[in-house]
Structure formats: C-alpha cells, structure tokens
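None of these values were measured; they are calculated from a predicted model. Basis for what follows: all heavy atoms, side chains included, without hydrogens, waters or symmetry-related copies.
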Amino acid sequence: MNDALANYINRYVPFTEDELAIFQQKLVERKFEKGSTLLEAGNTSKQLFFIIEGLVRSYYIDNKGNEKITSFGKEHWWVTDMESFIHQTPSQLFISALEPCTVLTLTKDRLDELYIEVPKVERLFRLITERWLIALQRSSFYYMKATSKDRYYNMVKLIPNFVNRVPQYMIASYLDITPEYLSELRRSH
C-alpha cells in the first residue's frame with residue numbers, strides 16, 4: 001500500500017495489513033500532466049481521486065463565461081464532484097491539474113465493494129466526510145463574515161506555501177476578489 005495513503009487511513013481508523021492490501025487492490029494509480037483534466041463538467045464523476053503528489057483545482061464556468069474556482073486539492077486530499085460521484089449524475093465542475101499529479105483512483109463500484117469486504121472503509125469515509133463537512137461549514141461561515149483581506153491571510157496561515165504554488169488570478173477567483181487587490185494584499189503581507 002502507498003505509505004501516504006496508509007498513514008492517512010490509519011489516522012482515522014486503524015486497518016490491518018490485510019485490510020490495507022484489499023483496499024490497495026481496488027485502487028489504480030494515474031498520472032496527469034499540468035493542465036490535464038481529471039473531470040470535465042457534463043461528464044459523470046466515476047471516481048474519487050486521492051492526491052499523492054500535485055495540486056488540482058475544482059471550478060465551474062459562470063453565465064458570463066468566467067471561471068469560478070470552488071476549491072483546491074493538494075497532497076493527501078480526496079477530490080471529486082461528490083454529488084456527481086454519489087448520484088452518478090453529470091458533474092457541474094471541472095477538476096484540472098495545476099501541477100503534474102500522481103493520484104490513486106477509486107471507482108464508485110469498487111468503493112461499494114470495499115464497504116462490504118472491509119466494513120471499516122465505511123467508517124473511514126464517514127469520518128472523512130464528517131471532517132470535510134465541518135471544514136466546509138467553517139469555511140462558509142468564515143467566508144461570510146470575514147473580509148477578503150482576512151480570508152487571504154487565513155489561507156496563507158492555514159496552508160503555508162500554498163499561495164506560492166497557485167497562480168495569483170486563481171487565488172483571486174477562489175477568494176472572489178480582483179487580481180489587483182490580491183497583489184496589494186501580497187505586497188503588504
């Protein structure tokens with residue numbers, strides 16, 4: 001089993017070596033070049049992606065044709081369009097690689113098999129989902145009450161070196177500010 005994934009899993013639920021081996025058998029390693037699309041809007045999300053190395057962004061195109069970044073994913077994070085993945089409906093999001101990426105993929109069918117073969121996997125993904133929902137709720141609440149300046153400084157504090165890996169206009173899109181204002185914030189920080 002990939003050490004990064006094994007460490008990640010065992011942070012939530014202790015797995016035996018046999019359980020980790022079964023989990024590993026369900027995964028497929030894939031590599032994506034910078035700029036590659038992992039998921040295209042309109043297609044159904046057939047898999048979860050566990051990022052071993054690299055950085056991705058999730059985004060949609062608004063009615064005016066502007067790209068709106070909804071999230072980023074970095075090493076040791078799972079990414080997908082969750083609604084599309086769970087309900088097997090067309091995705092509203094694009095997911096693309098900002099850097100060369102190595103990911104482990106897990107299809108919906110294989111995840112469902114794992115729930116039966118290794119019952120701990122269901123607990124694992126319940127705990128991951130709970131943490132993700134809490135983070136989303138905190139982020140949403142913080143986003144509503146914080147100034148754009150505070151949101152930027154919080155991002156820099158919580159995810160060190162992240163802002164150096166992402167183009168400025170993408171961070172501005174994510175924070176819903178102009179690239180010019182972001183430049184001012186970066187200069188004053």
Side-chain angles (χ1 to χ4, degrees), residues 1-34 36-59 69-141 155 157-162 165-166:
M1 153 105 9
N2 177 285
D3 288 343
L5 182 59
N7 291 337
Y8 177 86
I9 288 170
N10 284 314
R11 279 188 1 213
Y12 289 93
V13 180
F15 275 47
T16 66
E17 289 299 319
D18 289 342
E19 291 166 334
L20 288 172
I22 294 168
F23 199 122
Q24 177 69 39
Q25 292 170 0
K26 303 291 184 187
L27 300 169
V28 175
E29 183 177 299
R30 292 189 60 197
K31 293 187 182 293
F32 293 90
E33 297 296 320
K34 179 178 178 175
S36 297
T37 301
L38 285 72
L39 176 64
E40 189 165 328
N43 292 343
T44 299
S45 178
K46 302 277 187 211
Q47 52 204 346
L48 290 168
F49 302 94
F50 182 78
I51 303 169
I52 297 297
E53 185 176 84
L55 183 66
V56 302
R57 66 185 165 131
S58 298
Y59 64 97
I69 296 177
T70 59
S71 64
F72 295 96
K74 65 183 200 79
E75 292 84 4
H76 310 152
W77 289 9
W78 289 97
V79 296
T80 195
D81 177 332
M82 193 57 75
E83 181 178 6
S84 175
F85 180 76
I86 296 297
H87 295 296
Q88 290 296 280
T89 55
S91 176
Q92 299 197 29
L93 295 175
F94 293 88
I95 300 176
S96 65
L98 294 175
E99 299 173 348
C101 291
T102 302
V103 300
L104 298 174
T105 64
L106 180 63
T107 66
K108 175 108 171 65
D109 291 342
R110 288 185 168 198
L111 178 60
D112 290 340
E113 291 168 6
L114 274 171
Y115 287 155
I116 294 164
E117 294 173 33
V118 183
K120 287 180 186 177
V121 172
E122 195 156 21
R123 177 168 161 62
L124 169 71
F125 278 97
R126 179 182 57 81
L127 293 171
I128 291 168
T129 302
E130 285 175 356
R131 284 197 180 176
W132 176 76
L133 287 170
I134 290 167
L136 188 62
Q137 183 178 352
R138 283 182 183 166
S139 174
S140 178
F141 182 70
M155 177 187 284
K157 180 178 145 193
L158 291 177
I159 314 171
N161 300 321
F162 175 74
R165 295 172 68 184
V166 179

So, does [X] use its side chain to make a donor-acceptor pair with the main chain of [Y] at under 3.5 Å?
X	Y	answer
S84	T89	yes
N43	S91	no
S58	T70	no
E29	V103	no

Distance (rounded to the nearest 0.5 Å) between [X] [atom1] and [Y] [atom2]:
X	Y	atom1	atom2	answer
K108	I86	NZ	CD1	5.0 Å
Q25	E113	CD	CD	11.0 Å
L5	L20	CG	CG	8.0 Å
R30	I52	CZ	CD1	14.5 Å
W78	L106	CH2	CG	5.5 Å
Y12	I128	OH	CD1	5.5 Å

Mind telling me whether F162 and F72 have parallel, tilted or perpendicular rings, with 30° and 60° as the class edges? perpendicular
Please verify the inter-ring angle class for Y59 with F94; under 30° counts as parallel, over 60° as perpendicular, anything in between as tilted. parallel
For [X] versus [Y], what's the shortest heavy-atom pair and its separation?
X	Y	answer
V13	R123	CG2-CG, 3.9 Å
E33	A97	O-CB, 3.5 Å
G42	P90	O-CB, 3.5 Å

Test item: [X] and [Y] side chains (from C-beta on) under 4.5 Å apart, heavy atoms:
X	Y	result
F23	V118	no
L48	F125	yes
V28	Q47	no
I22	V121	no
Q88	K46	yes
W77	V56	no

E83 atom CD, neighbour heavy-atom count above 12 within 6.0 Å: no
Using a cut-off of 6.0 Å, state whether more than 12 heavy atoms not belonging to Q92 lie near its atom CD. no
Mind running salt bridge (Lys or Arg N to Asp or Glu O under 4.0 Å) on R126 and E122 for me, showing each step along the way? CA-CA 6 Å; R126 179 182 57 81; E122 195 156 21; over 6 Å; no
